[in-house]
There are 2 protein chains.
Amino acid sequence: MVTLAEVAQHAGVSASTVSYVLSGKRSISANTRQRVERSIRELGYHPNAGARALASSRSNIIALMVPLRTDMYVPVMMEIAIAVATAARTHGYDVLLLTGEEGPDAVRRVAGSGLADGMILMDVELDDERLPLLRATDQPSVLIGLPADTTGLTCVDLDFRATGALCVEHLAKQGHQDIAVIGEAPAVYERHTGFAERTLDGLRSRSRELGVRLLHRPCDGGYDAMAVTLARILDERPGTTGIIVQNESAVEPLLALLRQQGRAVPEDVSVVAICPDQVATQASVRLTSVAIPAQEMGRHAVEHLVAKFEGRGSDEVVLIAPELTVRGSTGPAPTRP
Amino acid sequence: MVTLAEVAQHAGVSASTVSYVLSGKRSISANTRQRVERSIRELGYHPNAGARALASSRSNIIALMVPLRTDMYVPVMMEIAIAVATAARTHGYDVLLLTGEEGPDAVRRVAGSGLADGMILMDVELDDERLPLLRATDQPSVLIGLPADTTGLTCVDLDFRATGALCVEHLAKQGHQDIAVIGEAPAVYERHTGFAERTLDGLRSRSRELGVRLLHRPCDGGYDAMAVTLARILDERPGTTGIIVQNESAVEPLLALLRQQGRAVPEDVSVVAICPDQVATQASVRLTSVAIPAQEMGRHAVEHLVAKFEGRGSDEVVLIAPELTVRGSTGPAPTRP
DNA sequence: AATAGGTATCGAAGCGCTTCGACAACCTAT
DNA sequence: ATAGGTTGTCGAAGCGCTTCGATACCTATT
């Protein structure tokens, strides 16, 4: 392993000079800089991460806590994780992957050991058990998702309330009076996951304002669960003409079932999905949808965290405005025979 | 931040004694050990990761390189990543998430900086550009996936060759003579991804042995691509009665299309999928499938890597035997009218 | 001509831990 | 009673880096 000292010797300067070339924290003459850089290249020098962390008390690592669960939005989670990792690299940080397995203790461990300079938490619940710990340490952090109480926290999320409202609006504008919402798995609501409840909130209040009828039913993914859920919905509200789906793994089963029952999309039923664009465009019907901006969320989270590291941070809630893309699955409500 | 020295003082022992209590590398009297452990608890001490890494030249971190691409198997990748992270924790390691973004340089950077003690590479191509670098460093590593040349490498993978063979066998045994294979996206084959080619290999050689006709077509995910691919297949081989799918995002579109064309599964067409169990059980038809054992692969990879750290490692290729689970999507070939 | 202010570099201290050799203190077998 | 072995503990030396004065030189100002 090549060390700083070896580079210094090779370049004929002192170790501190090499360090300053690397960090740019003091001015170095062009001549010296070039000599040092050349030595670094020739020797194939890489600074030792541990030594660096010890001396500077900064690890240049961001911890990312992803949920262990696999009952929802897996591809989105993955996309966010990759976006975080990629964005972090552009700021000179690496990402440490923490699973839910360890629970809240992971927060303590990471903060205590100086393993990471800060952390990003995904899949935050409304009353998340990690939050008290987070507030207790002075560990800089950013949440992806919105807890009930955001005081003293920085959060990034899609504005799910607005998303719900937007979906209802779009359908109402086309004359749909009876709208059904196919939601996430029941477990997601039982956990009081922020985004699910907020979406529901937006859906309900906007439909109240617009005077349309709304029926919400949670639904596990998969064909069978969807079949049961859809049957119940149509039983309870036979006049349903608009459906909003917020569950990736229910999308395709829903479309298959509607097709099978001879209900045409969008002639008989309009469908709006809340899902990644990839799902919306690859479905058997091009779905009108509100996208989950995974990339953007990951990027924002990293940028806010890095800002905090540099002292320019502020506690703030960043809600990304939803965008509804009209594709082929929505149209005017059929006129009642 | 509490330090070792503070713990030592609090417990009335020397720093080295505390260190030995922590590492267990020298015997410590029960009395002393308890006093030290008590002090650790009372002070809320966490060893500093950087200092530890510097002094011991072990970081207790495993680097995991995931592909950046999102054109295939995203949920599987995520599942493997989580399995790796979880398994790593049980051995006292954390996981650093590296994306493909940085390319092969990441290998150099991680190896050079001592950031990680070893690395796990996912999504290995047959002739992967990271491999020469990996062989050049003495960085312990494990691949998930199989390159063309495995000398000096440790690899873990599902035996995709056997998987292909198994699928053909199952269909042939039921009397299917004309089998179509719906493969991964063309890009996957162009990249020479090991698993895709190996599967194909197994499919081809077994079908040759069994004397059944096999038609392989790559296919991008999504409904439209699937529609085109299926039409071509049925055009070219109208007598096709067995279909093998190796592309998660083609599964549901395929089933929808078959349904739409009035081809019953499994009465008219038998379908075997190569996909995670979750997909197979949640599809609109319970799919006979060969599962991708993501958990097992992640766990194996970590265990082999840890074994290498401890000097018990060996270069070896671990192929996990495929298991075909019969569900409702396969049956005897229809007798030709 | 003397001084102030920059700029470029060095030396040394120290970050918090691991680990090696030393050494008491005790036990056991002669 | 003594040599030889254990066992438990300590002190000190570093691991490779950052960073804080200090210093030496150079240019601009009075």
Side-chain angles (χ1 to χ4, degrees), chain A residues 1-37 39-40 43-61 92 94 109-117 309-310, chain B residues 1-37 39-40 43-61 92 109-117 309:
Chain A
M1 219 63 319
V2 188
T3 70
L4 225 214
E6 289 169 341
V7 173
Q9 193 176 8
H10 185 270
V13 297
S14 77
S16 49
T17 300
V18 177
S19 177
Y20 286 123
V21 167
L22 251 28
S23 70
K25 293 194 177 168
R26 285 202 185 172
S27 51
I28 296 287
S29 70
N31 184 335
T32 306
R33 154 172 290 109
Q34 278 163 20
R35 266 210 333 282
V36 170
E37 280 168 352
S39 298
I40 289 177
L43 300 180
Y45 168 71
H46 283 273
N48 181 89
R52 212 165 224 204
L54 177 56
S56 64
S57 31
R58 319 244 298 89
S59 63
N60 283 288
I61 288 181
D94 274 297
R109 190 169 61 87
V110 169
S113 66
L115 232 187
D117 296 332
F309 294 158
E310 295 170 358
Chain B
M1 218 65 314
V2 187
T3 70
L4 225 213
E6 289 168 340
V7 174
Q9 192 175 12
H10 186 270
V13 297
S14 77
S16 50
T17 301
V18 177
S19 177
Y20 287 124
V21 167
L22 251 27
S23 69
K25 292 193 179 171
R26 283 202 184 172
S27 51
I28 296 287
S29 70
N31 185 334
T32 306
R33 153 171 291 110
Q34 279 164 19
R35 266 210 333 281
V36 170
E37 281 168 351
S39 298
I40 289 177
L43 300 180
Y45 167 73
H46 283 273
N48 180 89
R52 214 166 224 202
L54 178 56
S56 65
S57 31
R58 318 245 296 92
S59 63
N60 283 289
I61 288 181
R109 190 170 62 86
V110 169
S113 67
L115 232 187
D117 296 332
F309 294 158

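Letters go in sequence order (proteins before strands), and every chain restarts at 1. Just the heavy atoms: all of them, side chains too, but no hydrogens, waters or symmetry mates, feed the values below.
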Checklist line | Backbone N/O of B/Asn60 and side chain of B/Asp117: donor-acceptor pair under 3.5 Å | finding: yes
Notebook entry, point to check: Should A/Arg35 and A/Val13 count as side-chain neighbours, where that means a heavy-atom distance under 4.5 Å?
Noted result: yes
Item checked: Separation of C/dT9 C1' from A/Arg35 CZ (nearest whole Å) -> 11 Å
Item checked: Below 4.0 Å: OP1/OP2 of C/dT19 and any side-chain N or O of B/Lys25 -> yes
Notebook entry, point to check: How many Å lie between CG on A/Leu22 and P on D/dT19, as a whole number?
Noted result: 12 Å
Notebook entry, point to check: Which is true for A/Leu4 with a 4.0 Å heavy-atom rule: it touches a base, it touches only sugar-phosphate, or it touches nothing?
Noted result: base
Check: Base, sugar-phosphate, or nothing for A/Ser16, non-hydrogen atoms under 4.0 angstrom?
Finding: base
Check: Does any non-hydrogen side-chain atom of B/Val2 lie less than 4.5 Å from one of B/His10?
Finding: no
Next item on the list: In whole angstrom, give the distance that lies between atom CG of A/Asn48 and atom P of D/dG14.
Entry: 18 Å
Check: What's the CG-C1' distance between B/Leu115 and D/dG16, to the nearest Å?
Finding: 14 Å
Next item on the list: Rounded off to whole Å, could you give me the CD1-to-P distance for the A/Ile28 and D/dT19 pair?
Entry: 14 Å
Check: Does the side chain of A/Ser27 get closer than 4.0 angstrom to OP1 or OP2 of C/dG6 through an N or O atom?
Finding: no
Note to self: What I want to check is whether an N or O donor and acceptor connect the side chain of A/Tyr20 with the base of D/dC20 at under 3.5 Å.
What the structure shows: yes
Margin query: Does C/dA8 have its OP1 or OP2 closer than 4.0 Å to a side-chain nitrogen or oxygen of A/Thr32?
Written below: no
Checklist line | Residues B/Leu22, B/Tyr45; criterion side chain to side chain contact (heavy atoms under 4.5 Å, CB included); working and verdict | finding: CA-CA 11 Å; B/Leu22 251 27; B/Tyr45 167 73; 3.8 Å; yes
Notebook entry, point to check: For A/Ser19, which contact category applies under a 4.0 Å heavy-atom criterion: base, sugar-phosphate, or nothing?
Noted result: base
Next item on the list: Answer whether the closest heavy-atom distance between the side chains of B/Thr3 and B/Glu6 falls below 4.5 Å.
Entry: yes
Notebook entry, point to check: Which residues within residues 49-59 of chain A lie with some heavy atom under 4.0 Å of an atom in DNA chain C?
Noted result: A/Leu54, A/Ala55
Note to self: Can you tell me whether the side chain of A/Arg26 and the base of C/dT9 have a donor-acceptor pair closer than 3.5 Å?
What the structure shows: yes
Note to self: With a cut-off of less than 4.0 Å, is there a side-chain N or O of B/Ser14 near OP1 or OP2 of D/dG11?
What the structure shows: no
Check: Taking for each residue the nucleotide of DNA chain D with the nearest heavy atom, is it B/Val13 or A/Ala5 whose nucleotide lies nearer the 5' end?
Finding: B/Val13
Next item on the list: Starting at atom CG of A/Asn60, determine the distance to atom C1' of D/dC17, rounded to an integer number of angstrom.
Entry: 13 Å
Check: For B/Leu115, does its backbone N or O pair with a side-chain atom of B/Ser59 as donor and acceptor, under 3.5 Å?
Finding: yes
Notebook entry, point to check: Taking CD from B/Gln9 and C1' from D/dT9, how many angstroms apart are they, rounded to a whole number?
Noted result: 17 Å
Check: So how far is it from B/Leu4 CG to B/His46 NE2, rounded to the nearest 0.5 Å?
Finding: 13.5 Å
